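A quick note: this is a predicted structure, and the numbers were derived from the prediction, not measured. Letters A, B, ... mirror the listed sequences (proteins, then strands); counts begin at 1.
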Amino acid sequence: MELKRAIEILDGEVLTTSVNLNRQVKGGVGADLMSDVLSSTQPEALLLTGLCNPQVVRTAVMADVTAIVLVRGKQPPNETLQLAENEGIPLISTRYGMFEACGRLYQAGLPCLERPVSSE
Amino acid sequence: MSDNLLSASRVITDKVAENISRVEELAYEIRVREVMTSQVITMHPNDAMQTVLETFRQARISGAPVLEEGNLIGLISIEDLIRCLLKQDLAAPVHQYMTPHPVVVKGDDSVVEALKVFVSKKYGRLPVVDSNGHLIGIITKGDITRGLLRALERDYQSEEVRRYRASHLFEDIESERTSLILRYNIKQGDFEHGGEASAKIKRALLRLGASPQIARRCGIAVYEAEMNLIIHTTEGGVIRAEIEPHQISIDVYDYGPGIRDVELAMQPGYSTASEKVREMGFGAGMGLVNIKRCVDWMKLESEWGKGTRLRMKIYLPPPHTHTKGENSNPT
Amino acid sequence: MRLDQIVNALQLSVLTHPIDLSEVEPTGGYASDLLSCVMSGAQRGNLWVTLQSHLNIVAVAALLDLAAIIITEGAQPDVATLEKAEQEGVILLSTPLPTYTVIGRLWELGVRNPETTP
């Protein structure tokens with residue numbers, strides 16, 4: 001799914017500059033535990049999270065996440081924004097909570113990009 | 001010697017793939033004013049079409065903006081000239097044949113905006129205006145392509161030079177056993193910089209020519225270890241990564257307080273992290289489990305009251321074979 | 001949608017002693033792994049989806065009167081957590097599916113989060 005379609009579905013606001021909205025995201029992952037993101041997220045995911053500290057961006061860099069959605073209308077602190085700009089990871093804010101945001105994307109056909117841990 | 005770190009054919013493939021998406025990125029980053037032609041030949045509405053014919057021929061251009069008292073009022077193109085020639089009407093004034101109220105782009109728009117117009121309309125060129133609507137240049141599809149190529153080359157060259165230098169390190173320096181050691185001091189409680197060391201190690205590996213899968217596995221393992229130093233130690237610790245053509249060895253050690261029960265600490269879900277740390281998204285008791293999944297070998301030693309030492313190794317694939325996918329179980 | 005229908009549709013394991021799930025009808029869904037978010041955002045009767053499986057989730061669910069907790073990715077609560085859940089009458093469900101998929105399926109079944117739905 002194109003990033004801009006996901007943003008449309010989430011009624012999202014792009015917080016970082018120079019974002020290529022035509023980029024593809026392969027699937028979604030909803031998580032607040034960074035170890036979970038690191039352990040089971042496949043590359044090129046759209047990460048939905050309730051956290052907005054800089055570690056979210058660091059984690060996204062490590063896990064090759066394409067873009068981050070901050071749920072529940074969270075506005076990230078400056079350090080997070082700055083790090084996201086530097087690392088070139090788009091930050092998107094949506095007023096929807098995690099439940100609604102994931103539900104809407106799933107409904108629109110964005111698959112899950114988390115590998116179930118038990119399948120390993 | 002460094003073939004297992006840098007297999008030429010693989011790197012080129014990765015590079016090509018990267019560059020395709022990079023062009024798209026650049027289309028958003030580069031502004032119209034950076035690639036447009038600013039020396040614009042303009043016509044006056046009362047010029048004769050004969051003058052247009054001569055100007056186009058001499059300057060080898062196929063279109064020009066029409067200005068009246070400095071204001072952009074139209075665009076005259078080779079197609080208009082042909083219509084005029086067919087009617088043998090070269091004495092007619094420009095304003096009879098020009099396209100009035102032309103579509104314009106702003107100098108500060110990204111070139112993607114111009115591309116959108118080129119795709120949706122059939123124009124060959126677009127006048128570029130400043131925020132006051134004054135003509136500052138003209139842009140064609142060719143200008144955009146050239147601009148993108150230039151930027152890409154710039155980009156490519158600087159990273160390529162870095163990569164080249166780095167990836168030939170092992171070839172250029174001869175010894176019985178060459179290795180590169182990266183060392184980082186990690187402060188306890190320094191959440192703000194947590195992950196910086198691992199990000200640097202990951203970048204170094206990519207520059208050295210490691211595959212994205214290897215860089216990712218290594219980055220994740222070191223990141224978890226780095227966060228452990230920040231969360232669990234009394235005074236921080238050290239990350240030392242040794243990169244050799246055949247393996248990456250990472251040594252993470254601290255001076256306390258140590259782990260009371262190493263076996264218990266290795267169990268998924270076991271954590272001694274505070275609620276505050278959990279609320280930051282860490283301390284779910286998955287870190288060590290995660291590390292084990294990412295590396296080929298690990299050893300955790302700890303003495304309560306003294307400190308902890310975590311050693312990990314990731315083996316690099318032998319020459320001319322493909323990197324093992326990260327989905328295969330490394331442990 | 002009743003809880004027994006949800007358990008069937010998603011093939012969830014019921015970890016706590018069976019009570020009549022057909023009498024429970026969640027008021028909506030809520031997903032978060034951060035207890036502070038759940039405390040501030042989840043509504044009474046919500047079905048809570050999380051990867052967390054430690055003891056504190058039971059206390060939060062009991063406090064907020066949540067319909068049940070779905071623990072995702074096959075995470076296993078320990079004995080103390082299970083015992084506490086029995087005591088407090090909190091229903092614990094589990095699935096190997098990741099949070100994103102669980103939410104997607106629940107959404108398909110019509111479970112929503114009314115608080116953030118415009």
Side-chain angles (χ1 to χ4, degrees), chain A residues 2-4 14 16-25 30-45 47 49-66 68 70 77-80 82-90 115-120, chain B residues 21-31 110 112 191-199 201-203 212-213 215-224 226-228 230 268-269 271 273 277-294 325-331:
Chain A
E2 279 188 345
L3 191 54
K4 66 175 170 217
V14 183
T16 43
T17 57
S18 302
V19 173
N20 174 2
L21 299 175
N22 293 333
R23 263 167 91 162
Q24 290 286 327
V25 285
D32 299 324
L33 297 182
M34 294 302 110
S35 277
D36 177 39
V37 178
L38 292 167
S39 70
S40 53
T41 302
Q42 291 170 277
E44 295 174 61
L47 169 64
T49 183
L51 284 173
C52 54
N53 57 44
Q55 298 311 320
V56 174
V57 180
R58 292 276 182 223
T59 303
V61 172
M62 293 303 157
D64 298 318
V65 162
T66 295
I68 303 169
L70 308 174
N78 251 333
E79 305 89 79
T80 306
Q82 202 51 53
L83 189 60
E85 292 281 1
N86 293 346
E87 296 288 350
I89 296 203
R115 245 182 302 136
V117 173
S118 56
S119 75
E120 285 177 28
Chain B
S21 55
R22 185 63 192 140
V23 170
E24 241 185 280
E25 304 280 315
L26 282 171
Y28 284 85
E29 283 171 23
I30 298 177
R31 305 288 141 192
S110 62
V112 143
F191 285 96
E192 200 191 321
H193 297 102
E196 244 173 45
S198 6
I201 293 174
K202 184 180 182 184
R203 203 169 303 139
Q213 288 85 352
R216 179 178 146 100
R217 277 170 53 198
C218 190
I220 290 174
V222 181
Y223 182 46
E224 291 283 10
E226 188 176 354
M227 292 313 293
N228 279 347
I230 291 169
S271 176
V277 168
R278 285 176 193 265
E279 292 300 297
M280 293 180 75
F282 287 91
M286 291 301 294
L288 289 169
V289 184
N290 223 348
I291 290 172
K292 198 174 171 196
R293 281 185 50 255
C294 287
E326 60 163 333
N327 285 343
S328 65
N329 197 339
T331 46

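Closest non-hydrogen pair, A/Arg58 versus B/Ala199, comes out as NH1-CB, 4.0 Å. The two residues B/Gly287 and A/Ser35 come nearest to each other via the heavy atoms N-OG, 3.9 Å. In plain terms, the two heavy atoms of B/Gly194 and A/Gln55 that are nearest each other are O-OE1, 2.9 Å. A/Leu51 and B/Met280 get closest at one heavy-atom pair: CD1-O, 3.3 Å. Shortest non-hydrogen contact noted between B/Glu192 and A/Glu79 is OE2-CG, 4.3 Å.
Contact tally against chain B (heavy-atom pairs below 4.5 Å) for A/Asn22, A/Leu38, A/Val56: the top residue is A/Leu38. The residue among A/Val19, A/Leu21, A/Val57, A/Leu33 with the most heavy atom pairs within less than 4.5 Å of chain B is A/Leu33. Per-residue counts of heavy-atom pairs under 4.5 Å with chain A were compared for B/Arg278, B/His193, B/Glu224; the largest is that of B/Glu224.
Heavy atoms of B/Glu279 lying under 4.5 Å from chain A belong exclusively to its backbone. For A/Ala31, no part lies under 4.5 angstrom from a heavy atom of chain B. When heavy atoms are compared at a cutoff of 4.5 Å, A/Gln24 does not approach chain B at all.
By the side chain to side chain donor-acceptor pair (under 3.5 Å) test, A/Asn53 pairs with no residue at all, sequence neighbours left out. With sequence neighbours excluded, the residues that form a side chain to side chain donor-acceptor pair (under 3.5 Å) with A/Asp32 are A/Thr49, C/Ser32.
Atom CG of A/Leu83 sits about 8.0 Å away from atom CD of B/Glu196, to the nearest 0.5 Å. To the nearest 0.5 Å, the span separating CE on B/Met227 from CE on A/Met34 amounts to 10.0 Å. A/Met62 CE to B/Arg217 CZ: the interatomic distance, rounded to the nearest 0.5 Å, is 15.0 Å.
With hydrogens and angles disregarded, a donor-acceptor distance shorter than 3.5 Å links the side chain of B/Arg293 to the backbone of A/Ser39.
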